[in-house]
Number of protein chains: 4
Amino acid sequence: MSTVLPGHPPAEKKLRPARTNATRQKLFDASMELIGERGAAGVTVDEIAAAAGVSKGTVYYNFGSKSDLIAQLLRHGVDILKARLLSASGDTGTDPLAAMEAMIGQAMDFMADYPSFARLWVSENWRTPSVWQDTFAVLRTELLAVIGEAIEAVAAVYPVDRSVSRGSLETAIFGACFVVGLDRQTYNPERTRDQSVAAIMAIMRGYVVN
Amino acid sequence: MSTVLPGHPPAEKKLRPARTNATRQKLFDASMELIGERGAAGVTVDEIAAAAGVSKGTVYYNFGSKSDLIAQLLRHGVDILKARLLSASGDTGTDPLAAMEAMIGQAMDFMADYPSFARLWVSENWRTPSVWQDTFAVLRTELLAVIGEAIEAVAAVYPVDRSVSRGSLETAIFGACFVVGLDRQTYNPERTRDQSVAAIMAIMRGYVVN
Amino acid sequence: MSTVLPGHPPAEKKLRPARTNATRQKLFDASMELIGERGAAGVTVDEIAAAAGVSKGTVYYNFGSKSDLIAQLLRHGVDILKARLLSASGDTGTDPLAAMEAMIGQAMDFMADYPSFARLWVSENWRTPSVWQDTFAVLRTELLAVIGEAIEAVAAVYPVDRSVSRGSLETAIFGACFVVGLDRQTYNPERTRDQSVAAIMAIMRGYVVN
Amino acid sequence: MSTVLPGHPPAEKKLRPARTNATRQKLFDASMELIGERGAAGVTVDEIAAAAGVSKGTVYYNFGSKSDLIAQLLRHGVDILKARLLSASGDTGTDPLAAMEAMIGQAMDFMADYPSFARLWVSENWRTPSVWQDTFAVLRTELLAVIGEAIEAVAAVYPVDRSVSRGSLETAIFGACFVVGLDRQTYNPERTRDQSVAAIMAIMRGYVVN
DNA sequence: TATGAATGAGCGTTCATTCAT
DNA sequence: GATGAATGAACGCTCATTCAT
């Protein structure tokens, strides 16, 4: 599975999509896989280069450093996840709760498609003095905003429990998605996508007062 | 905060609680703090030894290896968390939903008291080929069992949504606790304990059908 | 004295004889000297690197491990010794006993030229559970075969004492060469090459019956 | 097999053979075995203590240091070997060549009885800057003297090749004994004692002119 | 663009030695 | 006499990074 959408060239150059990006693409794919499995610190640049079929120098030529490679990996994964979430919530005219359920379904699919990204996220987020501290703060805000809008849409149509603070609710859903998705991969492969979605949707159903 | 409950001496010997366990205690405390903040791979044994005020050799004399130290750290943290969860759920005669809320509150308090443990858990759990793979599997099962019993108690009294699979529900609550707790520390220190509990309890309220 | 003949690059690649092999050569020479003097376990990789004028990482880049470096050192030394022995025994048409004497002379010269190799051999050979167990078995067999052929040639021309088993005889000569050569260096530098050869040749003269 | 005869107590005390020497004896036996197999540098004081069934501190209490323990081990082994060689050569009235053969037989038996001692000897002798340099020089001289006397006895009765220098001859026999004995253990266990003796005796038969 | 030889700071681990008990 | 907890210097090895080609 190819994991790169944007990708910033080494320096600010015009547009050189062809050969150059092929190298970056291979490196993105290889890193995503390896880092997800063994953690950022547990993977060496040699391994990434070997898995991508290029030399070690090429990694540095294209990304400058291991940290930068990972930062771009995070940015890239979030772009994909956001695009998927928005595609689900975007169906105007539909029931907001149904849209929410579709979104959580998209999140589950994303966790299944990019298991390595999810592992990377939970491994490195919440690390207090981290190289990617700012990167995570930005990306997290973007993702929570998408979820927040979907909750907002629900609250605009249904009577909801106003005692539940909005930020916490988004976070709870966000966290449940990651953890349920990861647990399915690691400990319960037999659990279905819909079971997982239903469990998370319980949060929303509890938010809506009857 | 002191972090050691059990603690096994180098070998199973008579009883030498005084001096020996003091050293192990200091090492446990120092490791918990450092590893939680910077990750298992990001902390050196030198740092742990220095923080505990002992020499590096002493770490190895007492724990054999860095991995073993961390495995014992995990076991220890889970013992504390389990004890707290059980103390909340144990109040027989109370309403199962209230007991559940008390348990989630205990979980939030634990996350606040031992932020490092929660970070360590999410950083290293879900790592596929890991030294602590078995350790995590055992500990996870123990914790989910405690949550599972509390859910069981609710289902015995209230009408619940039988379409929600039990395993997924436990996992969703478990995950929401960790992530909400961690996010509070890292990104939203102003969020109150009760707001967090309420957000997670939405899951349970959604599980109970009206 | 330069000690490298073959030398395998990190991986089997094209041909990059110039720069690369120079480094390996320097490392071979430095190791041979240091390890011979102080034993394999008594020499550190840092020392070898320093003596070769390269960094420690370069040792590992080129040889993978200290053990591998030493294994290649042994193989290399045996290649040289074998070449010398064969050059002496190869003179067809000469008297087999004279050829034998020339061979032992070559062995003495080798011990004098590569004192470190001889010390390394006797230090690490005969170690029962050893990393180089297989290496030694192979190399020993090769060397004994060369000596064995020379003895065979003698037995084909002279009447010999058939009660002396062939394997033991080769071993006795082999061992006497090493020990006499080493003793000369360490305890009796004033002893001449020819005295040493004569002492070992006594074995052959005793083997030939009159 | 018990390996200690003399043994010097920690300090110069009267005579306290009973309990104390039992500890030293156990340590001697354990060290001899372990060091012979894996080399002096390859064995730890912990292992020796464990094998002897005492604590590590006891090793230091009895021997002061690892080096001293080994030095005493060497002294001790040589005492045994010398005693055996002398017992064989001592039979006055017998043919000097027969006495020589008996001596070499004793040497072979010693190598078989104390394989570890032989390995230790060849591993650490010939090491130029060594802690045991002086120890080895003394012990070597003692052993060569015993062999020298036996050769002398032969030369007094038989016509011998005067062109063979005496020192070299002793060394050649000495070395052949060690190497043939060790090779038998390591590579040719099926070889008989008498085959080995015959191979070494070839040296003497070659020394005697007909 | 890409390579790969070389680097060196740093890591996990070992182990001879000490010393209070 | 004997113990074993503690030490710290040193070791083998790793790996992100640099740079000449």
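A, B, ... follow the sequence lines: proteins, then strands. Residue 1 opens every chain. Any value given below was found using the heavy atoms of this structure, including those in side chains, with hydrogens, waters and symmetry copies removed.
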Novice: B:N21 CG to F:dG4 C1': how many Å, rounded?
Specialist: 15 Å
Novice: Tell me yes or no: between the side chains of C:T135 and C:R75, is some donor less than 3.5 Å from an acceptor?
Specialist: no
Novice: Looking only at side-chain N and O atoms, does A:Q133 offer a donor or acceptor that is under 3.5 Å from a partner on A:R127?
Specialist: no
Novice: Tell me the stems DNA chain F sits in, counting at least three consecutive Watson-Crick or G-U wobble pairs, each under 3.5 Å on both distances.
Specialist: E:2-21 with F:2-21
Novice: Does the ring pair (Phe, Tyr, Trp, His ring centres under 6.0 Å) test come out yes or no for D:F136 and D:W126, once each step is laid out?
Specialist: CA-CA 9 Å; D:F136 272 114; D:W126 302 299; 8.3 Å; no
Novice: It should be established whether A:T23 places a side-chain nitrogen or oxygen under 4.0 Å from OP1 or OP2 of nucleotide E:dA2.
Specialist: yes
Novice: Are A:R119 and B:T128 linked by a side-chain donor-acceptor pair shorter than 3.5 Å?
Specialist: yes
Novice: Please confirm whether the shortest side-chain N or O distance from D:K66 to OP1 or OP2 of E:dA16 is below 4.0 Å.
Specialist: yes
Novice: For E:dA16 and D:S65 - does any side-chain N or O of the residue sit under 4.0 Å from the phosphate oxygens OP1/OP2?
Specialist: no
Novice: Once you round it to whole Å, what is the distance between C1' of F:dA6 and CD of B:Q25?
Specialist: 18 Å
Novice: Separation of A:L27 atom CG from E:dT1 atom P, in whole Å?
Specialist: 14 Å
Novice: Under a 4.0 Å heavy-atom cut-off, which of residues 35-54 of chain D touch DNA chain E?
Specialist: D:V43, D:T44, D:V45
Novice: Rounding to a whole Å, what distance do you find between C:L69:CG and F:dC11:P?
Specialist: 16 Å
Novice: So does D:Y61 get a side-chain nitrogen or oxygen closer than 4.0 Å to the phosphate oxygens (OP1/OP2) of F:dA2?
Specialist: no
Novice: Does C:N62 place a side-chain N or O at less than 4.0 Å from the phosphate oxygens OP1/OP2 of E:dA6?
Specialist: yes
Novice: Looking at A:K56 and E:dT3, is any side-chain donor or acceptor paired with a base atom of the opposite kind under 3.5 Å?
Specialist: no
Novice: Check this one for me: any side-chain N or O of B:T58 less than 4.0 Å away from OP1 or OP2 of F:dT7?
Specialist: yes
